[in-house]
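All remarks here apply to the structure that follows.
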Amino acid sequence: MTAPALLARPRVEVARSVDEAVGRLAELGPDGAPLAGGTWLMRSATPPGMFVALHRIPELRGVTTGTWGAMTTHTELAAAPLPPALRALRTAARTSAFPQVRNMATLGGNLAARGFAEADLVPALLALDATVEVATAAGRHRIGVGDYLRAAHGDTADPAALLVSASASAPAGRRSGYARLIVRGGGEYALVSVAISADLDGTGVASAVRVAVGSVEARARRCPEAEAALAGTTLDEAAARAAGQAAAAVLTPRDDLLAPGWYRLAVMPAVFVRAAADCFADSVTEEVR
Ligand SMILES: Cc1cc2nc3c(=O)[nH]c(=O)nc-3n(C[C@H](O)[C@H](O)[C@H](O)COP(=O)(O)OP(=O)(O)OC[C@H]3O[C@@H](n4cnc5c(N)ncnc54)[C@H](O)[C@@H]3O)c2cc1C
C-alpha cells in the first residue's frame, strides 16, 4: 500500500548548478519542484514526488547592490546596506515573519510560492520595478517581476522555470519605503502591506511614483490610483492618507481568519502613512527585531 502524501518521506536531489537543476526539473515535470528555504513547502499538503534542492548552487547566492540571487535570505536582505532607493526591500525583509523563518526563507521562494497573498518581498519588488532572470530548458531570459508573477502563478506555468536573481535600479534622488500591519506584534502574516517608490526632485516633489499593495487581494499588485494621488506631492502625511483612500476605493479585499476585508480597507490609509514615512527613515538607528 502506498503511504499517503503527508506521511511519505520527501525525496530530495541536490543540484550543483542552475543548468543541472533546470534539466532535472524539466525531466520531472509536475512531479518535481525546486526546494529553497523550505518554509513554504514544508506546510504543503500535496508535496511533489521529488524536490530539487538549490542550496549548493553558488550562482543563486550572490548579493550585490542592485541584484540579489534567488537564494538570498530575508535575513541577508535585512542586513544589506541598501541605498535609500531600495529601502522598501530591506524593510520588507526585516519586518517579515520572525528571525528563525527569515534565516531560511529566500527571495526566490517568496516570489515563487503560489497562493501566498501575504508574501512581503513581492509588493516591495513590484514597487521597485524589479526585473528577474529566469532559467528554463530553452535558455535564460529577463522579465519584469509582474510578468514573472503572472507566468509563474498561472495555470500554464513551466515547472522547470528557475528564478535565478532579481535586480532593481537605484538612481540618486529615488526613495522607497514599506510598511505592514499586524495585530499581535510579531511572526504574523501582514493584514495589509504597502510599498512606495518615488523619484524626488530638489524640492522633494515626487514623480515616477510606484505603489504596490499586498495581503489585501489574492495577489499583491500595483495600484495606479494611489500612484496618481502621490505624484506631485512631497509624500507628506496628508498625501499618503489620500493615496490610501484611493487604494481602498479600488481594491477588492479578501476575508480570511486574520481579518475581514472591510478592516483591511479601513486601515489602508494608516499603512500608507507609515510606508511614506519609511521612505525617509534612518537605516542606521533602526533595529532588526
Ligand atoms: C510560521 C511562518 C511564518 C511566515 N511568515 C511570513 C511572513 O510574514 N512574510 C513572508 O513573506 N514570509 C513568511 N513566511 C515565509 C515564507 O514561507 C517565505 O517567505 C517564502 O514564501 C518561501 O521561501 P522559501 O525559501 O522557504 O521557499 P520554499 O518553501 O523552499 O519554496 C516555496 C515555493 O517556491 C518554489 N521555489 C523556491 N525557489 C525557487 C526558485 N529559485 N525558482 C523557482 N521556484 C522556486 C518552490 O518550489 C515552492 O513552490 C513564513 C513562514 C513560516 C513557516
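First listed ligand is number 1; within each ligand, the first listed atom is number 1. This chain uses plain numbering: 1 for the first residue, then up along the sequence.
- In terms of protein heavy atoms, atom 13 (C) of ligand 1 is closest to Phe116 CZ, 3.8 Å.
- Remark: Arg254 CZ to Leu191 CG distance equals 9.0 Å, nearest 0.5 Å.
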Side chain to side chain donor-acceptor pair (under 3.5 Å) assessment of Ser197 paired with Ser176:
CA-CA 4 Å; Ser197 166; Ser176 74; 5.5 Å; no

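- With ligand atoms numbered from 1 in the order given, ligand 1 contributes 10 (C), 11 (O), 12 (N), 18 (C), 19 (O), 20 (C), 21 (O), 22 (C), 23 (O) to contacts under 4.0 Å with heavy atoms of Asn110.
- Considering backbone and side-chain atoms together, Ala36 places an N or O closer than 3.5 Å to an N or O of ligand 1.
- With Val132, Val134, Leu162, Leu41 as candidates, the residue nearest to atom 48 (C) of ligand 1 on a non-hydrogen basis is Leu41.
- Contacts of Arg43 with ligand 1, taken as heavy-atom pairs under 4.0 Å, involve the side chain alone.
- Looking at Asp199, its side chain never comes within 3.5 Å of a backbone N or O of Ser207 through a donor-acceptor pair.
- For the pair Leu163 and ligand 1, the shortest N or O to N or O distance falls below 3.5 Å.
- Going from atom CD1 of Ile196 over to atom CZ of Arg274 covers 11.5 Å, rounded to the nearest 0.5 Å.
- Listed by number with element, the atoms of ligand 1 under 4.0 angstrom from any heavy atom of Gly37 are 24 (P), 25 (O), 26 (O), 27 (O), 30 (O).
- In the vicinity of Thr106, heavy-atom distances shorter than 4.0 Å reach the ligand 1 atoms 23 (O), 24 (P), 25 (O).
- Applying the 4.0 Å criterion to heavy atoms of Ala33 picks out, from ligand 1, the atoms 47 (O).
- In terms of N/O distances under 3.5 Å, ligand 1 is not approached by Leu35.
- The shortest N/O to N/O separation between Ser96 and ligand 1 does not fall below 3.5 Å.
- Between the side chains of Asp278 and Thr91, at least one donor N or O sits under 3.5 Å from an acceptor N or O.
- Under the 4.0 Å criterion applied to side-chain N and carboxylate O atoms, Arg140 and Glu59 are assigned as salt-bridge partners.
- Atom-to-atom distance recorded for Leu107:CG and Ser165:OG is 9.0 Å, nearest 0.5 angstrom.
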Evaluate side chain to side chain donor-acceptor pair (under 3.5 Å) for Asp120 paired with Tyr178, printing each intermediate quantity in order.
CA-CA 9 Å; Asp120 280 286; Tyr178 182 81; 2.5 Å; yes

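- With rounding to the nearest 0.5 angstrom, the OG atom of Ser17 is 9.5 Å from the CG atom of Leu60.
- The backbone N or O of Ala259 lies less than 3.5 Å from a partner atom in the side chain of Asp256, making a donor-acceptor pair.
- Residue contact check: Arg180 has heavy atoms under 4.0 Å from atoms 7 (C), 8 (O) of ligand 1.
- Interface of Ala119 with ligand 1, defined as ligand atoms under 4.0 Å from a residue heavy atom, comprises 11 (O).
- Residue contacts with ligand 1 for Arg102 are absent, since no atom lies close enough (heavy atoms, distance under 4.0 Å).
- Closest to atom 4 (C) of ligand 1 among all protein heavy atoms lies Tyr189 CE2, 3.6 Å.
- Side-chain atoms of Arg180 come within 3.5 Å of backbone atoms of Thr95 as a donor-acceptor pair (strictly under, hydrogens ignored).
- A salt bridge does not link Glu227 with Arg210: none of the charged nitrogens is closer than 4.0 Å to a carboxylate oxygen.
- In the vicinity of Ala113, heavy-atom distances shorter than 4.0 Å reach the ligand 1 atoms 21 (O), 33 (C), 34 (O).
- Closest heavy-atom approach to atom 30 (O) of ligand 1 among the candidates Ala70, Pro34, Gly109, Gly38: Gly38.
- In this comparison of Val122, Leu54, Thr39, the heavy atom closest to atom 17 (O) of ligand 1 sits on Thr39.
- Taking distance alone, with nitrogen or oxygen atoms compared against 3.5 Å, Tyr148 stays at or beyond that limit from ligand 1.
- Summarising the geometry, atom OG1 belonging to Thr234 is positioned 7.0 Å from atom CZ belonging to Phe280; distances are rounded to the nearest 0.5 Å.
- Distances from atom 53 (C) of ligand 1 to the heavy atoms of Met42, Glu118, Gln100, His74 show the closest one on Met42.
- With respect to Tyr148, the side-chain contact (heavy atoms from CB on, under 4.5 Å) criterion is satisfied by exactly one of Leu125, Val132, Thr131: Val132.
- Neither the backbone nor the side chain of Val164 has a heavy atom within less than 4.0 Å of ligand 1.
- Contacts with ligand 1 closer than 4.0 Å are made by side-chain heavy atoms of Val101 only, the backbone lying farther away.
- Hydrophobic clustering, defined by side-chain heavy atoms of Ile, Leu, Val, Met, Phe, Trp and Tyr closer than 4.5 Å, groups Leu41 together with Val12, Leu35, Phe51.
- Residue Phe98 has no N or O atom closer than 3.5 Å to an N or O atom of ligand 1.
- Considering only non-hydrogen protein atoms, atom 34 (O) of ligand 1 sits nearest to Ala112 CB, 3.4 Å.
- Residue contacts with ligand 1 for Ala161 involve N, CA, C or O but no side-chain atom from C-beta outward (heavy atoms, distance under 4.0 Å).
- Put simply, part of Glu188 is less than 4.0 Å from ligand 1, judged by heavy atoms.
- Nearest to atom 9 (N) of ligand 1 among the protein's heavy atoms is Asp120 OD2, 2.6 Å.
- With sequence neighbours excluded, the residues forming a side chain to side chain donor-acceptor pair (under 3.5 Å) with Asn103 are Thr75, listed by chain and number.
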